[in-house]
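Residue numbering restarts at 1 for every chain, and letters A, B, ... go by the order of the sequence lines. All values below come from the heavy atoms of this structure, side chains included, with hydrogens, waters and symmetry mates left out.
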Number of protein chains: 2
Amino acid sequence: MTGSDAGRPVTMRDVAAAAGVSVATVSHVVNDKPGARIGPETRRRVQAAVADLGYRPNAMAQNLVRGGSKFIGLVADAIATTPFAGQIIHGAQDEAWRHGYVLLVANTEGNDAAEKEALAMMLEHKVRGVIYSTWYHRRVELPPTLTESDHVLVNCFATDPGVRAVIPDEIGGGRTAAQLAIDAGHRRIGFVNTTTASPARDGRLIGYRDALKAAGLPVDERLIMDTRPDQEGGYAVVPALLERGVTAVCCHNDRVAMGVYDGLRERGVGVPDDLAVIGFDNQEVIAAHLRPPLSTVALPHYELGAAGVRVLLGLDDTAVTGIVSIPCPPVRRASA
Amino acid sequence: MTGSDAGRPVTMRDVAAAAGVSVATVSHVVNDKPGARIGPETRRRVQAAVADLGYRPNAMAQNLVRGGSKFIGLVADAIATTPFAGQIIHGAQDEAWRHGYVLLVANTEGNDAAEKEALAMMLEHKVRGVIYSTWYHRRVELPPTLTESDHVLVNCFATDPGVRAVIPDEIGGGRTAAQLAIDAGHRRIGFVNTTTASPARDGRLIGYRDALKAAGLPVDERLIMDTRPDQEGGYAVVPALLERGVTAVCCHNDRVAMGVYDGLRERGVGVPDDLAVIGFDNQEVIAAHLRPPLSTVALPHYELGAAGVRVLLGLDDTAVTGIVSIPCPPVRRASA
DNA sequence: TTGAAAGCGCTAACAT
DNA sequence: ATGTTAGCGCTTTCAA
């Protein structure tokens with residue numbers, strides 16, 4: 001006989017009755033309470049009854065009496081739009097699990113009402129805290145409801161002081177990208193930035209400049225150009241790149257790099273021999289399957305999610321600012 | 001004063017005290033109970049107290065007394081590996097939400113132990129049921145624990161009789177792919193299948209044959225070839241394709257199509273004028289950004305997830321077999 | 001070594 | 001129109 005039977009679920013009382021003991025005793029053996037002295041024979045009987053009846057503790061009752069759940073809420077603005085959000089969820093999920101927590105996931109698609117509802121739902125489930133995440137790194141306004149519970153921002157940040165946040169280290173990432181080119185012996189390294197303002201735009205450029213300076217290379221402003229952050233943008237910038245005589249180029253993201261590939265191929269310019277190309281984001285489907293495979297810098301989405309729950313649970317120290325930034329590691333393939 | 005204060009959370013008793021009424025009254029107004037006659041003045045006082053104290057109902061207490069939660073469990077074998085799983089989650093999430101349910105998501109990465117743990121956790125939270133999903137369409141063995149609760153399979157199926165499942169209509173999809181070529185006026189249409197056995201491999205081929213026959217076209221077995229289901233596979237099959245003189249080709253998936261593009265470009269064969277190419281899966285990052293953008297057939301992941309919860313909740317009828325199959329719609333772009 | 005009993009926050013009969 | 005009360009399944013003193 002197991003819990004799978006249609007009838008009323010097996011409770012602790014049922015187990016107690018079957019084992020001929022009190023519910024208190026059952027509770028003790030089931031939870032393996034440290035300070036509980038249970039006779040070996042009794043323990044055996046209880047365990048047998050548990051197995052026999054297919055007993056499962058009722059988490060809601062446990063939560064009620066303990067006055068707090070083992071839930072962590074995760075609100076994401078775009079589960080579907082990109083594989084990125086999935087990685088954040090995955091990291092958060094693994095880390096939460098590791099600490100005995102369960103993730104309550106809500107998707108808002110940027111909809112304020114959905115967001116508010118999601119937050120309310122989480123509050124009502126007395127979550128331990130909530131992780132508020134966005135699919136691309138940006139500044140956000142804190143939904144008022146969010147502050148009603150313990151919270152940490154992931155892949156985004158607020159201007160309000162003291163709001164903990166976990167974000168990718170864009171500056172370090174920009175440095176890493178440029179270093180990939182420098183290490184390959186390049187001296188004229190272009191930087192194709194995006195036209196749209198963002199922490200990524202600013203940070204990666206700073207990192208690029210840093211790396212060049214650190215390597216004793218001049219920073220030629222003419223080698224820094226802006227374009228739309230997509231394939232078309234990359235394609236369009238190729239003539240300028242060629243004209244300026246760069247031997248390597250760091251792109252704002254992998255999609256831009258993909259467009260650069262297109263433009264280069266059209267002109268018979270080989271990658272990486274004639275021109276080395278470096279991407280950003282490490283968007284698997286693009287980067288790994290381009291020919292040649294694209295060297296790039298990874299956005300640490302999994303780690304962002306994982307760090308988010310660690311910060312929430314107070315396992316990771318945050319700097320005084322409350323902001324922790326996660327490194328963006330290089331991914332060496334064949335384009336640089 | 002709101003619930004955000006650090007102290008003990010605001011309970012219904014607090015509200016009752018503040019409003020000078022009993023908890024029963026508070027319960028009635030908070031839940032807007034139909035048969036409850038509450039004086040307008042009392043109702044006002046209660047609502048004021050609720051707002052004033054920032055009261056939030058405790059979902060766990062509600063669940064306890066109601067004897068069942070508003071949770072639906074979703075176990076996925078790969079949240080991260082592909083954007084696909086994300087879409088399933090998204091669809092399930094939206095649909096669950098629509099019916100007042102909350103999704104409990106667990107990721108197993110194909111790990112049996114993780115799976116068992118996840119299922120146990122869901123059972124302990126007395127979920128309404130669980131959706132068991134895989135990131136690619138395949139047959140699965142049912143984890144024994146799964147049968148302890150109401151369940152439906154999504155994007156996979158079991159051989160055990162009577163197990164409800166929601167899967168993509170591969171045959172219809174194959175038909176749709178071929179039809180895309182037929183509609184464009186092609187008569188010699190190749191089919192590049194995968195070498196690895198799967199419902200997709202079998203179903204799509206059947207659909208291809210069906211469509212040709214329905215259009216009164218001969219099915220030339222020489223135009224059907226197998227290759228590895230990735231870019232390299234697509235690239236490798238191009239010579240055979242050209243040699244057999246097809247004017248259009250349906251590929252097993254978008255990645256194969258991507259490889260076909262590569263091979264074609266290398267030989268100066270234009271898409272779609274010299275050779276029309278049709279993919280399968282509608283993997284955004286690939287399909288929409290290839291040049292020319294790839295015409296393909298979409299896998300209905302979002303719908304699979306949504307249908308999964310509807311089936312679970314008994315909102316959608318399933319056929320006698322318990323299997324419901326979801327159409328794979330065509331996505332017309334520029335390659336065919 | 002075990003059991004009795006008091007709640008956790010809420011809902012739903014049943015009183016009043 | 002509103003209040004009293006008995007649980008929901010469990011944990012946890014405290015007593016035996």
(Q) Under 3.5 Å, is there a donor on one side chain and an acceptor on the other for B:Glu115 and B:Tyr132? (A)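 The answer is yes; a qualifying pair exists.
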
Q.
Between A:Arg43 and A:Asp32 (salt bridge meaning N to carboxylate O under 4.0 Å), is one present in this structure?
A. yes

Rounded to whole Å, please give me the gap between [atom1] in [X] and [atom2] in [N].
X        : N      : atom1 : atom2 : answer
A:Glu124 : C:dC10 : CD    : P     : 10 Å
B:Arg56  : C:dC10 : CZ    : C1'   : 17 Å
A:Lys126 : C:dC10 : NZ    : C1'   : 11 Å
A:Gln62  : C:dC8  : CD    : C1'   : 13 Å

Q | First and last nucleotide of DNA chain D, 5' to 3', lying under 4.0 Å from heavy atoms of chain A | A | D:dG9 to D:dT12

Q) Checking all strands, does A:Leu64 fall into the base, sugar-phosphate, or nothing category for heavy-atom contacts under 4.0 angstrom? A) base

Q: Check every strand shown and say whether A:Gly39 touches a base, only sugar-phosphate, or nothing at a heavy-atom separation below 4.0 Å.
A: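 A:Gly39: backbone/sugar contact only, no base atoms under 4.0 Å.
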
**Q.** Sub-6.0 Å ring centroid separation between A:Phe84 and A:His301
**A.** yes

Q: Please tell me if the side chains of A:Arg56 and B:Glu148 come closer than 4.5 Å, counting only heavy atoms from C-beta onward.
A: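 Sidechains of B:Glu148 and A:Arg56: in contact.
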
**Q.** Residue met sooner reading DNA chain D from 5', once A:Met60 and B:Arg37 are mapped to nucleotides
**A.**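 Its nucleotide being nearer the 5' end, the pick is B:Arg37.
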
Q) Do other residues, nucleotides or ligands put more than 12 heavy atoms under 6.0 Å from the CD atom of A:Glu141? A) no

Q) Is the shortest side-chain N/O distance from A:Ser22 to OP1 or OP2 of C:dG3 below 4.0 Å? A) yes

Please tabulate, for side-chain N and O atoms in residues 64-79 of chain A, each donor-acceptor pair with protein atoms closer than 3.5 Å (sequence neighbours left out).
from    : atom 1 : to       : atom 2 : distance (Å)
A:Ser69 : OG     : A:Phe71  : N      : 3.0
A:Ser69 : OG     : A:His125 : O      : 3.4
A:Ser69 : OG     : A:Lys126 : O      : 2.9
A:Asp77 : OD1    : A:Trp135 : N      : 3.0
A:Asp77 : OD2    : A:Arg138 : NH2    : 3.3

Which distance, rounded to the nearest 0.5 Å, do you find between the [atom1] of [X] and the [atom2] of [Y]?
X        : Y        : atom1 : atom2 : value
B:Leu103 : B:Ile131 : CG    : CD1   : 7.5 Å
A:Ser325 : A:His137 : OG    : NE2   : 9.0 Å
B:Asp150 : B:Arg128 : CG    : CZ    : 5.0 Å

Taking only nitrogen or oxygen atoms into account, show me every contact under 3.5 Å that the protein makes with nucleotides 12-14 of chain C, one pair per line with its distance.
from   : atom 1 : to      : atom 2 : distance (Å)
C:dA12 : OP2    : B:Lys33 : NZ     : 3.1

